[in-house]
> 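First, the structure itself, so that you have it in front of you.
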2 protein chains.
Amino acid sequence: MHEWLRKAGNETVIARMRQAGIRPTRQRNELANLLFRNGHRHLTAEMLHAEVLAEGIQISLGTIYNTLRQFTQAGLLLEIVVNPTRSYFDTNTVQHQHFYCEDDDMLVDISGTKITVTDWPTPPSGTQVKRVDVVVHVRRH
Amino acid sequence: MHEWLRKAGNETVIARMRQAGIRPTRQRNELANLLFRNGHRHLTAEMLHAEVLAEGIQISLGTIYNTLRQFTQAGLLLEIVVNPTRSYFDTNTVQHQHFYCEDDDMLVDISGTKITVTDWPTPPSGTQVKRVDVVVHVRRH
DNA sequence: ATTTGTGCAAATCGTTTGCATCTGA
DNA sequence: TCAGATGCAAACGATTTGCACAAAT
């Protein structure tokens with residue numbers, strides 16, 4: 001394991017990668033570092049790729065897409081579906097919601113304790129509730 | 001105006017098309033008929049195109065995409081963003097929410113009076129709330 | 001040594017667009 | 001008449017995939 005991962009307190013990320021059967025390779029470790037070293041973030045594959053290049057690291061866009069998918073499957077990331085033309089990934093995987101401004105394609109967190117959804121009807125027969133996503137669409141004025 | 005549109009009680013659709021500066025052409029009228037003649041529906045461009053073909057009507061897929069976009073801009077349809085790979089359109093434009101089952105790509109309405117969202121924080125500065133979308137993700141069991 | 005990941009380029013898929021032709025007002 | 005709509009095929013942009021090579025266990 002790389003030293004910076006240990007320092008960054010990402011044992012849990014590494015552990016979850018292993019647990020999900022994902023080998024900690026150089027590219028995946030570097031992506032995990034970029035994603036999780038600071039506070040929580042919302043980003044697209046392209047944004048992450050740009051960041052990788054800016055750091056002088058070499059990782060292909062294809063590998064970034066693959067890694068984002070694997071991390072999402074492993075529960076390390078959450079995919080946010082607000083824009084039909086591109087997928088956002090959220091490094092914060094605990095229950096919370098979002099403001100979304102289409103005008104500037106901006107996502108802002110709403111803490112899970114700051115919003116309440118109640119009284120939804122019983123789900124269609126044969127199904128059970130997995131997750132409740134709320135998007136508060138806003139516009140600039 | 002075509003007789004079936006009058007019969008179907010779609011004066012309001014025609015009126016809103018005109019008001020939005022959308023000419024009621026043959027293709028747009030036939031699409032409006034398919035969309036609004038019966039109860040409310042959730043459909044993709046491809047689904048609507050298949051239905052058009054099944055009715056023996058000839059409308060190109062490109063025109064269907066354009067028309068869905070125009071109808072959405074005119075407020076006749078609502079675009080539902082639940083699946084990053086394809087856009088759904090809802091003929092029900094009054095405030096309501098959805099169950100979504102990823103397993104079979106199925107959307108089910110939740111009446112606007114059957115679900116409550118409260119207590120969201122003040123929106124980011126410079127913005128105002130436009131709409132609140134709730135998706136209750138369910139899984140088959 | 002064997003399995004799994006990576007890079008690259010090509011393929012895919014939903015959607016949009018350019019342009020010549022047609023149509024509705 | 002003539003602005004605006006349609007059809008078709010080509011263009012597009014995000015994402016996935018096939019395959020030869022490289023790295024991890």
Side-chain angles (χ1 to χ4, degrees), chain A residues 1-2 5 14-15 17-34 42-53 56-74 76-77 79-89 102 105, chain B residues 1-3 5 14-15 17-34 42-53 56-74 76-77 79-89 102 105 107:
Chain A
M1 189 194 305
H2 295 237
L5 272 175
I14 295 281
M17 280 173 65
R18 287 196 187 284
Q19 180 183 330
I22 300 175
R23 275 192 202 164
T25 64
R26 190 210 99 218
Q27 335 1 33
R28 297 208 270 234
N29 290 343
E30 290 183 325
L31 289 177
N33 183 40
L34 285 178
H42 305 121
L43 34 71
T44 64
E46 292 285 356
M47 286 163 64
L48 184 54
H49 190 229
E51 205 165 304
V52 160
L53 296 182
I57 306 170
Q58 160 56 30
I59 304 177
S60 77
L61 187 53
T63 294
I64 289 181
Y65 273 105
N66 290 337
T67 303
L68 287 174
R69 184 154 28 85
Q70 292 154 347
F71 281 12
T72 301
Q73 280 165 193
L76 298 172
L77 293 174
E79 188 172 0
I80 308 175
V81 183
V82 283
N83 184 321
T85 70
R86 127 181 83 261
S87 277
Y88 279 87
F89 295 87
E102 205 177 323
D105 209 42
Chain B
M1 189 194 306
H2 295 236
E3 190 51 33
L5 270 176
I14 295 282
M17 280 172 64
R18 287 196 189 284
Q19 179 183 330
I22 300 176
R23 273 195 204 162
T25 64
R26 191 210 99 217
Q27 320 26 15
R28 297 208 267 234
N29 289 343
E30 290 183 324
L31 290 177
N33 183 41
L34 285 179
H42 306 121
L43 32 71
T44 64
E46 291 285 356
M47 287 164 64
L48 184 54
H49 190 229
E51 205 166 303
V52 160
L53 296 181
I57 307 170
Q58 161 55 31
I59 305 176
S60 78
L61 186 55
T63 294
I64 289 181
Y65 273 105
N66 290 338
T67 302
L68 287 174
R69 183 154 28 85
Q70 292 154 348
F71 280 13
T72 300
Q73 281 166 190
L76 298 172
L77 293 174
E79 187 172 1
I80 309 175
V81 183
V82 282
N83 184 322
T85 70
R86 124 182 85 260
S87 278
Y88 278 87
F89 296 87
E102 205 179 321
D105 208 41
L107 275 168

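Chain letters run A, B, ... following the sequence lines, proteins first and then strands; every chain starts at 1. This structure is a prediction, so every number in the text was calculated from the model and none was measured.
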> Please report the distance, rounded to the nearest Å, between CD in A:Glu46 and P in D:dC12.
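A:Glu46 atom CD is separated from D:dC12 atom P by 16 Å.
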> Out of C:dT6, C:dG7, D:dA23, which has the shortest distance to the side chain of A:Arg23?
D:dA23
> Nearest-Å distance, CE (B:Met17) to C1' (C:dA25)?
14 Å
> Measure CG/A:Asn83 against P/D:dA14 and give the value in whole Å, please.
10 Å
> Test A:Val81 against B:Val82 for side-chain contact (heavy atoms from CB on, under 4.5 Å), laying out the working first.
CA-CA 6 Å; A:Val81 183; B:Val82 282; 5.6 Å; no
> Could you work out which one of D:dA5, C:dT16, C:dT6 sits closest to the side chain of B:Arg69?
C:dT16
> Take the protein atom CG of B:Asn66 and the nucleotide atom P of C:dG14, then report the distance between them rounded to whole Å.
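Rounded to the whole Å, the gap is 17 Å.
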> Of B:Pro84 and B:Gln70, whose nearest nucleotide on DNA chain D comes first from the 5' end?
B:Gln70
> For the side chain of A:Arg28 and the backbone of A:Arg23, is there at least one donor-acceptor N/O pair under 3.5 Å apart?
yes
> Taking atom CD of B:Glu79 as the centre, report whether more than 12 heavy atoms of other residues, nucleotides or ligands fall under 6.0 Å from it.
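Counting neighbours around CD of B:Glu79, more than 12 heavy atoms of other residues, nucleotides or ligands fall under 6.0 Å, so yes.
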> Between C:dT15, D:dT6, D:dT15, spot the one nearest the side chain of A:Leu61, thanks.
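Selected nucleotide: D:dT15.
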> Return the nearest nucleotide to the side chain of B:Ile59; candidates are D:dG7, D:dT6, C:dT17.
D:dG7
> Is there a side-chain contact between B:Thr44 and the phosphate of C:dG14, meaning an N or O under 4.0 Å from OP1 or OP2?
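No, because none of the side-chain N or O atoms of B:Thr44 sits under 4.0 Å from OP1 or OP2 of C:dG14.
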> Which whole-number value in Å describes the distance from A:His49 NE2 to D:dA14 P?
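Computing the A:His49:NE2 to D:dA14:P distance gives 13 Å.
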> If you find the nucleotide of DNA chain C closest to B:Pro24 and the one closest to B:Tyr65, which residue's nucleotide is nearer the 5' end?
B:Tyr65
> Taking only N and O in the side chain of A:Arg28, is any of them less than 4.0 Å away from OP1 or OP2 of C:dT6?
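Yes.
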> Using the side-chain heavy atoms of A:Thr63, tell me which of these nucleotides is nearest: C:dT6, C:dT15, D:dA14.
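The answer is C:dT6, which lies nearest to the side chain.
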